[in-house]
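Contents: one structure, followed by commentary.
Since the model is a prediction, treat every value here as computed from it, not as a measurement.
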Protein chains: 2
Amino acid sequence: MPRTNAGPGVTVTSRVLSVLGCFDAEHTSLTLTEIALRAELTLPTAHRLVGELAAWGALRRERHGGYVIGRRLWDLGLLAPVQTDLRDVASPFLQDLYGATLATVHLAVRDGVNALYLDRVSGHASVPVVSKAGSRLPLHSTGVGKVLLAHAPAAVRHEVLAAPLERFTPYTIAQPSRLARQLEHITQDGYATTTEEMTLGACSIAIPVSVNGHTVASLGIVVPHLRACARLVPALQVAAQGIARNLSPG
Amino acid sequence: MPRTNAGPGVTVTSRVLSVLGCFDAEHTSLTLTEIALRAELTLPTAHRLVGELAAWGALRRERHGGYVIGRRLWDLGLLAPVQTDLRDVASPFLQDLYGATLATVHLAVRDGVNALYLDRVSGHASVPVVSKAGSRLPLHSTGVGKVLLAHAPAAVRHEVLAAPLERFTPYTIAQPSRLARQLEHITQDGYATTTEEMTLGACSIAIPVSVNGHTVASLGIVVPHLRACARLVPALQVAAQGIARNLSPG
DNA sequence: TGCGCCCTTCCGTTGAGCGGAAGCAGGCCG
DNA sequence: CGGCCTGCTTCCGCTCAACGGAAGGGCGCA
């Protein structure tokens with residue numbers, strides 16, 4: 001009897017990972033027998049590995065006997081720099097949007113009370129903008145920033161509205177009550193706009209990118225005026241849905 | 001030379017888990033050498049294990065050479081039923097609050113447009129309430145519900161405010177504009193109250209339980225009147241901070 | 001160029017890991 | 001109550017996957 005008949009390339013590590021790989025959105029709680037079947041392990045092997053994973057906290061056994069993902073993996077998952085994934089996933093969508101509009105397209109996430117730009121695509125014919133990958137701009141004066149602010153935890157919104165709102169152009173919205181009203185409209189309309197509030201000659205349209213009900217980013221486009229708004233919002237939404245679909249574990 | 005001199009109880013699985021355990025909020029990106037040191041492995045061993053973890057997607061190597069938690073663990077972490085953890089962690093705090101007040105104390109999370117009660121502690125002298133563990137009540141008519149709604153994604157708030165708000169007592173707030181104004185105050189005040197809006201004779205005070213800036217639950221107390229509000233809010237906040245501290249990976 | 005740091009590869013040795021077999025526990029049904 | 005089924009749980013002889021010391025490579029910096 002060989003020690004294992006599983007074939008080459010099968011290590012303990014790969015077996016452990018096979019066990020973890022059994023869990024997905026449709027299989028969040030699994031019995032030991034189900035894990036063994038799905039991971040293609042014998043019952044005693046699965047028993048040993050699952051036992052150790054449970055002892056460490058990677059898995060947890062529930063009252064009815066099924067195993068679920070445990071606290072330690074939840075903690076670890078929170079450490080993943082999803083933003084880099086986000087940029088990689090979103091990049092082709094940004095390219096497509098640029099190709100269709102020749103306008104500057106950018107992607108941002110909320111970083112405290114600023115919008116952090118992860119990526120930007122623009123060309124010679126695009127409206128000049130101050131955003132570039134890695135730069136931060138205030139939430140209140142940019143399209144993506146307003147989207148991120150509208151969908152941020154309430155404490156963030158309160159913090160932004162309580163501080164002085166800096167003016168970049170004569171059109172920048174600097175009254176908290178006016179901004180707050182805009183934020184309510186943004187959640188209803190599903191998109192945000194700016195009209196020369198950050199840069200003279202530059203207007204923007206932005207929408208949220210949401211995964212599992214959480215807004216993780218905002219996708220924006222910069223145009224000289226908002227006349228094409230009705231056409232651009234659906235295009236942005238299609239791209240945002242594409243980005244979200246590629247981000248979520250479905 | 002023995003195959004390993006690490007001592008009893010050290011398995012491949014435990015070594016893999018030691019590698020994963022190197023990562024925490026203060027060490028989100030680690031070189032192979034750092035991982036080997038922190039996991040108490042030799043460099044070749046760490047190299048083999050990390051290589052396999054990276055191939056599977058549990059870790060990812062960044063451009064500058066450091067390893068970070070990868071997408072697969074982010075995906076798995078999302079599957080963890082944190083709510084059960086939450087109940088276990090919160091239980092002693094709920095008991096303490098009950099012991100100090102003899103009032104009904106409960107913990108809820110948002111489940112769609114409802115408050116899902118995870119736990120409740122009450123006694124014979126407590127005000128009778130309709131909440132019990134496992135039950136769901138509307139967000140707009142309960143203290144914990146209002147807290148959860150105020151801190152929910154904007155889309156949820158919009159959904160609740162757009163639907164008819166059911167009346168349970170003559171005091172239930174059923175006008176969307178009035179509820180919306182209350183929600184704004186809740187974010188400023190840091191707590192919510194109800195005055196016989198769910199059950200006659202029952203008022204409540206509730207606060208958010210937040211982890212890393214995200215409201216994950218609400219902690220509430222039911223009293224016959226709000227006279228002791230100024231005393232109870234700090235007590236609730238201390239308990240909420242204790243719960244959050246035990247929940248977060250710090 | 002030399003040095004230091006961070007890997008990356010190699011291979012003889014051996015004990016950790018394997019799985020078939022046996023057994024246990026609990027629930028259900030006749 | 002006894003038998004059957006399901007889901008584990010434990011055991012132990014065998015063997016090859018895993019180990020780590022040693023050697024070497026690549027890169028950046030003074």
Side-chain angles (χ1 to χ4, degrees), chain A residues 1-23 26-70 81 84, chain B residues 1-24 26-70 81:
Chain A
M1 179 199 70
R3 213 182 65 173
T4 180
N5 56 8
V10 174
T11 62
V12 173
T13 304
S14 70
R15 289 167 179 252
V16 168
L17 296 174
S18 292
V19 168
L20 294 180
C22 292
F23 295 87
E26 275 78 48
H27 304 90
T28 57
S29 179
L30 296 165
T31 64
L32 180 64
T33 308
E34 286 167 337
I35 292 170
L37 275 176
R38 289 175 64 87
E40 299 184 315
L41 302 171
T42 62
L43 214 43
T45 298
H47 184 251
R48 277 191 294 99
L49 298 182
V50 166
E52 205 162 347
L53 286 166
W56 190 76
L59 299 180
R60 198 186 67 211
R61 195 163 198 200
E62 288 192 314
R63 259 163 287 193
H64 63 277
Y67 288 91
V68 296
I69 295 294
T84 312
Chain B
M1 181 198 65
R3 215 178 67 174
T4 182
N5 56 9
V10 174
T11 63
V12 172
T13 304
S14 72
R15 286 166 180 254
V16 167
L17 296 174
S18 292
V19 168
L20 294 180
C22 293
F23 295 87
D24 60 35
E26 276 78 50
H27 305 89
T28 58
S29 178
L30 296 165
T31 63
L32 181 65
T33 309
E34 285 167 337
I35 292 170
L37 274 175
R38 289 175 62 87
E40 298 184 318
L41 301 171
T42 62
L43 216 40
T45 298
H47 184 252
R48 278 188 294 102
L49 299 182
V50 166
E52 205 161 347
L53 287 166
W56 189 75
L59 300 179
R60 199 186 66 213
R61 195 165 200 197
E62 289 192 312
R63 258 162 288 194
H64 64 277
Y67 288 92
V68 296
I69 295 294

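An OP1 or OP2 oxygen of dT8(C) is reached within less than 4.0 angstrom by a side-chain nitrogen or oxygen of His47(B). For dT6(D), the OP1/OP2 oxygens have no side-chain nitrogen or oxygen of Thr33(A) closer than 4.0 Å. Applying the 4.0 Å criterion to OP1 and OP2 of dA16(C), one finds that Arg15(A) has every side-chain N and O outside that range. Note on Arg61(B): a side-chain N or O is less than 4.0 Å away from OP1 or OP2 of dT8(C). A close approach under 4.0 Å does not occur between any side-chain nitrogen or oxygen of Arg48(A) and OP1 or OP2 of dG17(C).
Rounded to an integer number of Å, the gap from Leu49(A) CG to dA16(C) C1' is 12 Å. In this entry the distance linking CD of Glu52(B) with C1' of dA18(D) reads 11 Å, nearest Å. Put simply, CD on Glu62(A) is 17 Å from C1' on dG7(D), counting in whole angstrom units.
Leu53(B) places a side-chain heavy atom less than 4.5 Å from the side chain of Leu20(B). Ile69(B) has its side chain within reach of Leu59(B): a pair of non-hydrogen atoms, C-beta onward, lies under 4.5 Å apart.
For Thr33(A), there are no side-chain hydrogen bond (donor to acceptor under 3.5 Å, both in side chains) partners, not counting sequence neighbours. Shown here are the side-chain hydrogen bond (donor to acceptor under 3.5 Å, both in side chains) partners of Glu34(B), two or more places apart in sequence or in another chain: Thr31(B).
Across every non-hydrogen atom of Trp56(B) and Leu17(A), the tightest pair is CZ2-O, 3.3 Å. Taking every heavy atom of both residues into account, Phe23(A) and Thr28(A) meet most closely at CD2-O, 3.7 Å.
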All N/O contacts under 3.5 Å from nucleotides 28-30 of chain D to the protein, with atom names and distances to one decimal?
none

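Against DNA chain C, the stretch residues 34-46 of chain B makes heavy-atom approaches under 4.0 Å through Leu43(B), Pro44(B).
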Per-pair distances, 0.1 Å, donor-acceptor, side chain in residues 35-47 of chain A, under 3.5 Å, sequence neighbours excluded:
from, atom 1, to, atom 2, distance (Å)
Arg38(A), NE, Cys22(A), O, 3.1
Arg38(A), NH1, His27(A), NE2, 3.3
Arg38(A), NH2, Cys22(A), O, 3.0
Thr42(A), OG1, Thr45(A), OG1, 3.1

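Of the two residues near DNA chain D, Thr11(A) and Tyr67(A), the one whose nearest nucleotide lies more 5' is Tyr67(A).
Taken over five-pair windows at either terminus, the axes of the helix from dT1(C)-dA30(D) to dG30(C)-dC1(D) are inclined to one another by 40° (rounded to 10 degrees).
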